[in-house]
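Convention: sequence-line order gives letters A, B, ...; per-chain numbering from 1.
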Number of protein chains: 2
Amino acid sequence: MTIDKSLLAGSTALLVLKLLESGDKYGYQMVEELRRRSDQTFELKSGTLYPLLHSLEQKGYIEAWEEDVGTARPRRYYHLTDSGRRQLAEKEDEWRTYAGAMFRVLEGGA
Amino acid sequence: MTIDKSLLAGSTALLVLKLLESGDKYGYQMVEELRRRSDQTFELKSGTLYPLLHSLEQKGYIEAWEEDVGTARPRRYYHLTDSGRRQLAEKEDEWRTYAGAMFRVLEGGA
DNA sequence: ATATAATATATCGACCATCTACTTATGTCA
DNA sequence: TGACATAAGTAGATGGTCGATATATTATAT
């Protein structure tokens, strides 16, 4: 099933921060890992990811370092900062609150 | 906790259709019921709801009828059509797929 | 030999959905 | 009198995603 793009809005930053929790990664790698970990549900587009990475870097949640990989275009690895780790915890909490409320409404909650 | 507005994007249409599943309702009533059923998590703004209702009506998912309630502005009740009911089932499936994928990523899924 | 796909990062304009702020109008309570 | 709840609505701003496009190298297939 293909999910509507607007459903993803607001979750992408959380997903990216979550991916970086388990170690430094570069953009292309995040797209692949996210697709794998979500069973093909999330197909992050490069036009979404790269601007997002830049904005997360500007906010100080992630830091970039480059790997000189010979002649090819160097990989830009991203590292989760302490501030980013706090932001991740907050966003994760927020998402669980949102999902909980959605379930309550969908289950015909009080 | 206040959730980010962009998290709600893509869920509002589903929520509105869901509310109408249990009976015809008017706009203001939906805002209230949604707030109640979500334990104050969802605060649908009128600037979001009314245009959304109009677009759902145009797509044939809901139908409006007016209640003449004396001198005050008449209430516009909305009714879920058969087409809307099918759309609701689809959107609900889609959301569960999305939420499932989110959980898998958040639980550090393989 | 040549074309295509995969790897890898990036920008730009279009699009869509929500929000804030504002408008109109009545009834109620202090 | 003034504020708040009820009730529906519009306009403009904002923010996030996408499609298209660009660039460059390597691997695979024809």
Asker: Could you list the residues that satisfy side chain to side chain donor-acceptor pair (under 3.5 Å) with B:Arg86, not counting sequence neighbours?
Answerer: none
Asker: Specify the residues of residues 16-33 of chain A, ordered by number, for which at least one heavy atom lies under 4.0 angstrom from an atom of DNA chain D.
Answerer: none
Asker: Please collect all salt bridge (Lys or Arg N to Asp or Glu O under 4.0 Å) contacts where either partner lies in residues 13-22 of chain A, sequence neighbours excluded, each pair once.
Answerer: A:Lys18-A:Glu21, A:Lys18-A:Glu92
Asker: Please indicate whether B:Glu63 has more than 12 foreign heavy atoms, meaning atoms of other residues, nucleotides or ligands, lying under 6.0 Å from its CD.
Answerer: no
Asker: Does any N or O donor sit under 3.5 Å from an N or O acceptor when you compare the side chain of A:Ser46 with the base of C:dA10?
Answerer: yes
Asker: Go through the structure and list residues passing salt bridge (charged side-chain N to carboxylate O under 4.0 Å, His left out) with B:Asp4, not counting sequence neighbours.
Answerer: none
Asker: Filter on salt bridge (Lys or Arg N to Asp or Glu O under 4.0 Å), then keep only pairs touching residues 47-62 of chain A, sequence neighbours left out; what's left?
Answerer: A:Glu57-A:Arg76
Asker: Take the protein atom OH of B:Tyr78 and the nucleotide atom P of D:dA7, then report the distance between them rounded to whole Å.
Answerer: 14 Å
Asker: Return the value, rounded to whole Å, for the distance between atom CD1 of A:Ile3 and atom P of D:dT17.
Answerer: 11 Å
Asker: Residues two or more places apart in sequence or in another chain: which of them pass side chain to side chain donor-acceptor pair (under 3.5 Å) with A:Tyr98?
Answerer: B:Ser11, B:Trp95
Asker: A:Glu43: what forms a salt bridge (charged side-chain N to carboxylate O under 4.0 Å, His left out) with it, not counting sequence neighbours?
Answerer: A:Arg35
Asker: Mind checking side chain to side chain contact (heavy atoms under 4.5 Å, CB included) for A:Tyr28 and listing every partner two or more places apart, or none if nothing turns up?
Answerer: A:Tyr26, A:Glu32, A:Tyr50
Asker: Which of the following nucleotides, D:dG9, C:dT9, D:dG19, is nearest to the side chain of A:Lys45?
Answerer: D:dG19
Asker: State whether A:Arg75 places a side-chain N or O below 4.0 Å from either non-bridging phosphate oxygen (OP1 or OP2) of C:dT7.
Answerer: no
Asker: Between D:dG9, C:dA10, D:dA7, which nucleotide gets closest to the side-chain atoms of B:His54?
Answerer: D:dG9
Asker: Rounded to the nearest Å, what distance is computed from the CD atom of residue B:Glu57 to the C1' atom of nucleotide D:dA8?
Answerer: 13 Å
Asker: I'd like to compare against my own output: the B/S/- annotation of nucleotides 11-16 of chain D with a strict under-4.0 Å heavy-atom distance to protein.
Answerer: -----S
